[in-house]
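This report concerns only the one structure given below.
Every chain is numbered from 1 and lettered A, B, ... according to where its sequence line falls, protein lines coming before strand lines.
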Amino acid sequence: MAGPPVSRPAVVWAGLSLAIALLLALAIGQLVDQLPDERAIRIDQGVFVAGDGIEPPSDVLSAQAIPGAVSQALPHDWRASQSARVGWYVLEIDLRVAPDRLWAVWLPRVAHNATVYLNGTHLGRPGLQEQEARNWNEPVYLLIANGLLEPGRNTLAIRVQADRPGAGFLREVYLGPHQEISGYHWRASVFRVHVLQAILGLMLLSAAFASILWYWRRSDSLFGWFAILNVCWVLHDLYQVIPQPASASILLDWYWHATLVVFVYSVVIFTNRFLDVRPAAFEKRLLAWAVLMPLIMLAIALSVPEAFYRLAAPVSDTVALLISVSPFVMMSAKVLRMGTSVMAGMMAAGALPLGFGVHDWLVNTALLRPDYGYLMPFGSVLILLVFGMFLTRRFGNALSELESLNAELELRIELREQIIAENFRRLQHLETERAILDERGRLMRDMHDGVGGTLISTLAMVQAGGTNPELLEQALRGAIEDLRLMIDSLDPVDGDLNSVLANLRSRMEPRLLAAGLRLEWAVQDLPPMAGLGPNGVLQIMRIVQEAINNVLKHANARTIRLACGLSSEADRAARHLTGVDPLSPVDAPSFGRAAPVVISLTDDGIGLPDGTRQGGKGLANMRRRAKSIGASVSVVPAEPGTCVMIEIPAQGLRASPLGGATAQRE
Amino acid sequence: MESISVLIVEDDPDALHRVAQVISSCADMRLAGTASTVAQGRAMLDAGPVDVLLTDLGLPDGSGLELIEHASRVLPGIEIAVLTVFADETHVLAAIENGATGYLLKDGTDANLAESIRQLVAGGSPISPSIARHVLRRLSPAGGQGQGARANEPLNRAPANGDKSLLTGRESDVLQQIAKGFSYEEISHSLGISVHTVTTHIKNIYRKLAVRSRGEAVFEAVQLGLIRVDNQSR
């Protein structure tokens with residue numbers, strides 16, 4: 001829950017929250033303590049006599065004569081001067097006329113039980129109130145029977161019985177019309193008892209809620225400690241809402257002090273968790289105190305009650321108060337350092353009960369009169385509110401963090417996608433470059449072997465001096481033909497071997513005709529061939545070119561037959577046996593059914609010299625070229641003449657990954 | 001028969017000299033003039049009618065294509081052949097689209113050269129399998145420039161109704177056969193027409209290319225706003 005680490009707004013927040021806490025305290029105080037000063041007679045002066053008597057002191061009509069009576073102002077705190085357990089107050093009221101409406105007597109605060117007599121008549125329920133258990137927090141309201149009040153002097157005798165010696169208290173007494181003052185009693189009663197019960201119920205509910213939250217998220221011990229805090233507080237405040245026996249139960253009193261210790265312990269731990277600090281050693285010691293102190297007090301209470309009330313309880317309370325200041329100080333420090341509104345709210349929420357706690361401590365140590373009773377229970381209201389705010393804030397933060405994380409995630413994904421796309425582009429670019437480089441390499445190799453070689457040897461011929469024009473012309477024409485075939489091979493053919501052979505014919509036939517040869521054309525319609533890229537086309541052209549050149553140079557032939565078609569198994573077998581070109585026109589080309597393709601070049605010349613069937617540089621070249629594209633070349637005698645066969649397997653040429661690609665590119 | 005007058009435009013002096021020699025040595029041909037730049041060639045074309053224009057494409061002051069276009073406009077009926085080393089479709093088709101009616105291989109023998117010119121005058125335009133494939137792509141109904149049908153798809157499907165078929169069925173057949181590598185004789189046999197008809201078809205096909213390319217140029221110019229088509233005037 002980090003806020004902007006600026007101190008000025010934090011100080012402002014802290015100041016604001018403390019101011020609010022103070023206002024709330026005052027408001028609560030006002031609500032709690034409304035006195036009908038305008039509407040009723042306020043009796044704050046009378047006579048007091050300590051004593052056990054059950055009946056009102058005799059001679060009540062002449063108060064001055066009561067032995068042992070002292071003049072006493074109200075409110076009267078017995079701890080200052082009295083050690084008695086029972087005492088009588090005699091108060092006088094002067095009325096001008098007897099009231100014609102219903103009147104009542106109201107004791108806003110009395111500790112602990114009170115019996116009221118007006119003009120000698122007992123008010124309220126008949127019988128002794130000695131042992132009646134009573135919620136001492138609740139004011140006493142008694143209706144006056146009609147006619148009891150007389151014009152002139154009226155005497156109120158109030159018997160106050162404390163639960164232990166020296167612990168009695170009586171605040172101002174009010175006498176007035178029932179209609180006017182019943183509302184005050186009702187308000188005070190509701191506020192002191194019922195509202196308090198409601199607050200305690202609310203605290204138990206939030207404790208239950210916090211426990212559930214903690215159960216869901218064990219790692220968040222904050223919720224667990226909030227539940228514990230509330231439960232301890234409720235346990236401590238139970239003292240205020242349950243009726244207590246008329247005589248002190250030391251156990252009950254011990255209970256109050258013990259639960260206070262436990263409560264303060266839970267406050268410290270909760271604040272530590274809230275501020276996310278874990279002073280382990282300190283907390284261990286505190287736990288020891290929280291456990292031992294009540295036990296020690298119990299021991300003392302059971303053995304030496306006096307020491308308990310005089311020494312153990314006050315000491316314990318003081319220590320508890322001092323310890324409870326520390327969480328408040330830590331909270332304030334945090335708020336001043338890097339406060340958020342919620343933190344400041346917590347600080348204010350802590351200030352209120354602390355302030356009330358200080359008040360209650362002062363009351364307990366008799367430094368303050370218990371006019372208002374204990375205020376600390378009312379301090380929890382703000383805490384619940386602030387904690388609710390804290391939860392909401394947390395929830396909101398979690399949601400917005402989720403949203404921002406989602407947005408960040410989306411951004412990161414987008415970034416990654418961009419990176420991937422970029423990498424892909426780069427990869428594609430590299431592939432394209434590689435393809436281009438490979439192509440360039442291929443073309444260079446071909447030119448180096450073909451045209452380059454021819455030109456160099458021609459140059460050598462010229463330099464050697466033997467410039468036979470015919471030979472020169474031949475060499476140059478050969479170079480131009482090489483170039484033409486290569487340029488032809490670059491034109492994409494889309495797997496159409498027919499157009500490759502057509503190009504070959506148109507390029508080479510003129511030369512054949514010029515040499516007196518006749519070309520027989522027996523090329524059939526072929527299905528599309530896979531892998532027929534620029535490299536494949538060029539190699540096939542070069543093989544055929546080489547074969548034709550061989551015929552022109554050596555064969556002394558009249559006819560050359562270029563045939564091409566699909567071959568069947570039987571034909572291949574026949575070919576191997578007889579060596580004769582077995583290709584007869586196939587009646588129907590089997591479109592779609594892949595079969596090997598055979599290109600054959602047959603001449604009717606003098607045939608191969610013996611022993612050159614497998615040898616010869618030209619043949620070796622042809623075989624090499626064929627192998628490089630996944631085809632095979634065989635040379636067999638044709639009786640007469642020779643037959644050169646190029647067999648391309650059914651699955652097509654082995655396209656280099658780029659030769660094929662550039663072919664497809666169109 | 002009067003001799004065929006030939007104008008040669010070529011910037012390489014040796015090549016120019018060689019072709020000029022061939023022309024001069026032929027009885028039925030007459031050298032009308034030689035030029036080595038576009039400007040000179042244009043001047044000569046404007047100066048007087050010529051039967052045949054032989055031109056190189058790479059000239060020092062421009063492209064031979066301008067000359068071809070000028071000649072076909074100024075002297076309709078003139079035979080124009082582009083001198084080419086490779087007879088690759090890029091150069092040949094560009095020339096034909098500008099109005100050339102054929103091409104000559106620069107390294108042809110003297111006899112070849114002379115014979116090619118005579119054939120050109122007689123109405124036969126030379127063609128090669130790869131040029132035929134490219135022409136089919138450009139003029140077949142399946143697509144316009146550059147998107148034509150693949151070379152080995154069955155091309156004998158009839159053009160769909162409403163498609164502007166730029167080639168007649170016969171012309172398409174002839175082109176396909178050439179693309180497959182058949183000679184004129186073989187084609188005339190298989191289609192049952194004379195060799196002369198085959199060559200005439202080719203000439204017509206070339207003319208269609210030129211017309212189409214001119215039409216496309218006009219269309220482009222109208223689109224770009226360079227030419228305004230005025231329907232109401234005159």
Test item: A:Arg484 side-chain N/O and B:Ala87 main-chain N/O as donor-acceptor pair under 3.5 Å: no

By salt bridge (charged side-chain N to carboxylate O under 4.0 Å, His left out) - contacts of A:Arg558 (at least two apart): none

A:Val523 and B:Phe182 have their tightest heavy-atom pair at O-CZ, 4.5 Å

Mark yes when over 12 heavy atoms from residues, nucleotides or ligands other than A:Asn556 sit less than 6.0 Å from its CG; otherwise mark no. no

Looking at A:Asp491 and B:Arg133, is there a salt bridge between them, counting it only when a charged N and a carboxylate O are closer than 4.0 Å? yes

What are the two closest heavy atoms between B:Glu186 and A:Trp521, and how far apart are they? OE2-CB, 3.7 Å

Portion of A:Leu483 that has a non-hydrogen atom of chain B nearer than 4.5 angstrom: both

Donor-acceptor pair, side chain of A:Arg505 and main chain of B:Lys180, under 3.5 angstrom: no

Would you compute the distance between atom CD1 of A:Ile487 and atom OG of B:Ser130 and round it to the nearest 0.5 angstrom? 10.5 Å

Dump the intermediate steps for side-chain contact (heavy atoms from CB on, under 4.5 Å) on A:Ile480 and B:Lys106, then the final yes or no. CA-CA 11 Å; A:Ile480 294 178; B:Lys106 275 194 192 177; over 6 Å; no

Taking C-beta and beyond as the side chain, do A:Glu473 and B:Asp107 meet within less than 4.5 Å on heavy atoms? no

Around atom NE2 of B:His91, are there more than 12 heavy atoms from other residues, nucleotides or ligands closer than 6.0 Å? no

Within residues 451-461 of chain A, contacts to chain B at heavy-atom distances under 4.5 Å involve none

Taking side chain as C-beta onward, heavy atoms only, is B:Pro129 less than 4.5 Å from A:Ser506? yes

Let me know if A:Leu501 has heavy atoms under 4.5 Å from chain B in its side chain, its backbone, both or neither. neither

Best-contacting candidate, B:Ala179, B:Ala111, B:Ser183, B:Gly108, against chain A by heavy atom pairs under 4.5 angstrom: B:Ser183

